[in-house]
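For reference, the structure is listed below as structure tokens.
Remember, predicted model here, so these are calculated numbers, not experimental data. Each ligand, and each atom within it, is numbered from 1 in the order the structure gives.
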Amino acid sequence: MATTTSLYEQYVLGNYGPPSCTLVRGEGVHVYDDSNRRLLDFGSGIAVTAIGHCHPHWVDALQKQTAQLGHISNLYAHESQGRLAEKLVKIAGPGRAFFCNSGAEANEALLKLARLHGRKLSDGQEGVRYKVITAENAFHGRTFGGMAATPQEKIQGGFRPMLEGFSHGKLNDLNSFASKIDAQTAAIMVETIQGEGGINSCTSEFLQGLRKLCDEHNLLLLIDEVQCGIGRTGQFFAYEESGIKPDAIGMAKGLAGGFPIGAVWIAEEHAGLFTPGSHGTTFGGGPLACTAALATLDVIEHEDLLSNVQQNSAPWIARLQTLIRSYPNLVDEVRGRGYMVGLVLKTDPRPIVTLLRDAGLVTIPAGGNVIRLLPPLIATEEDLQTATDILFKVLSGI
Ligand SMILES: *Cc1c(COP(=O)(O)O)cnc(C)c1O
């Protein structure tokens, strides 16, 4: 019988490179490989499995929904999309929700909202105000809109010409963003904490400054919470710390605990820009995805996972900071907040990610020589301790 990796080598497109190992099952904070070795999963499938693997409530809800109604399209209504939209609006504020299937698709909807907003400001004329400013080192997805919003050679290379109308400001440098605004600008879009870019956080002052700039120039403030949202920082949305009100929010990764979903929240005053027929998707907001999301949000609420993250993260990050003193030749900085932490290394993180996995800890490399630690929100103080112990052990052997 062919091994799984040999099937990948022969038949699966090479865009991800060869897979590093084969995983068979998951339970809580752990995954198990094909030799039944247990790994502590601090990658969470790239910040997706927010409530850990195969949470019984999530499994039960999905099993029931699968047996009841799997797919209907958006030509019809079903209960879970309505209830999920209500939940998101109760969390984010007065507005409307739209559902799709991925982070890139959520951001496409945000970019299309910017175009509609620009048209409205130009008395119905298109192509007058349409430009969007994003941040250096941002990551907003792999579609043509997402790529144009993502000023990184490794994302854009080979796919030019890019969609027109994007410029990029320096993160946490308000003047840099302000200098990019012209009469054609319609929106500013940022991640509250850059994930792929290497755990770079917007300061509260910067977000407040962007809000003011957007108000002064009639621009939409679009916040990409695809990776940092859904409780990862100990607040439901990472931007909440700054006290700002975005005009629209993109969500995806953690929202349905591992079932594919994307979502957009749009503030009430802009929600009417999308009129019937103006946007859509076949799969978006289906019964399975919305049920998985409702189950995920139930668990976050009932198990008080935001408090779990709030209580455990500061002491954990403080202990991680001691890696800098212990291994000054390897570790440069520890940054991030909540359960979204980056270890900035003085060397290529990828071989160390492999060593960590061999020692039983799953982590993810990011831009700027960073190892990302993205534990599920259910991770306990003890799980964090175990991960830190593995880090100390592996780094001491280098
Ligand atoms: C992952 C990610 C995306 C893209 O999401 P996909 O589901 O991979 O399309 C967009 N923005 C941010 C901040 C992300 O982390």
Checklist entry - Hey, would you say the F144 and F159 ring centroids sit under 6.0 Å apart? => result no
Checklist entry - Name the residues in contact with ligand 1, where contact means a heavy atom under 4.0 Å away: which are they? => result S102, G103, A104, N107, F139, H140, G141, E191, D224, V226, Q227, K253
Next on the checklist: What I want to find out is whether K393 reaches D389 closely enough, with some N-O distance under 4.0 Å, to be called a salt bridge.
Outcome noted: no
Next on the checklist: For E205, is there an ion pair with K212 - N to carboxylate O distance below 4.0 angstrom?
Outcome noted: no
Checklist entry - Within 45 degrees of the axis of the six-membered ring of Y32 and under 6.0 Å from its centre: does R25 put its NZ or CZ there? => result yes
Item to check | Partner set under salt bridge (Lys or Arg N to Asp or Glu O under 4.0 Å) for R129, not counting sequence neighbours | outcome: none
Next on the checklist: Ring-plane angle category for F274 and F98, please: parallel below 30°, perpendicular beyond 60°, tilted otherwise.
Outcome noted: parallel
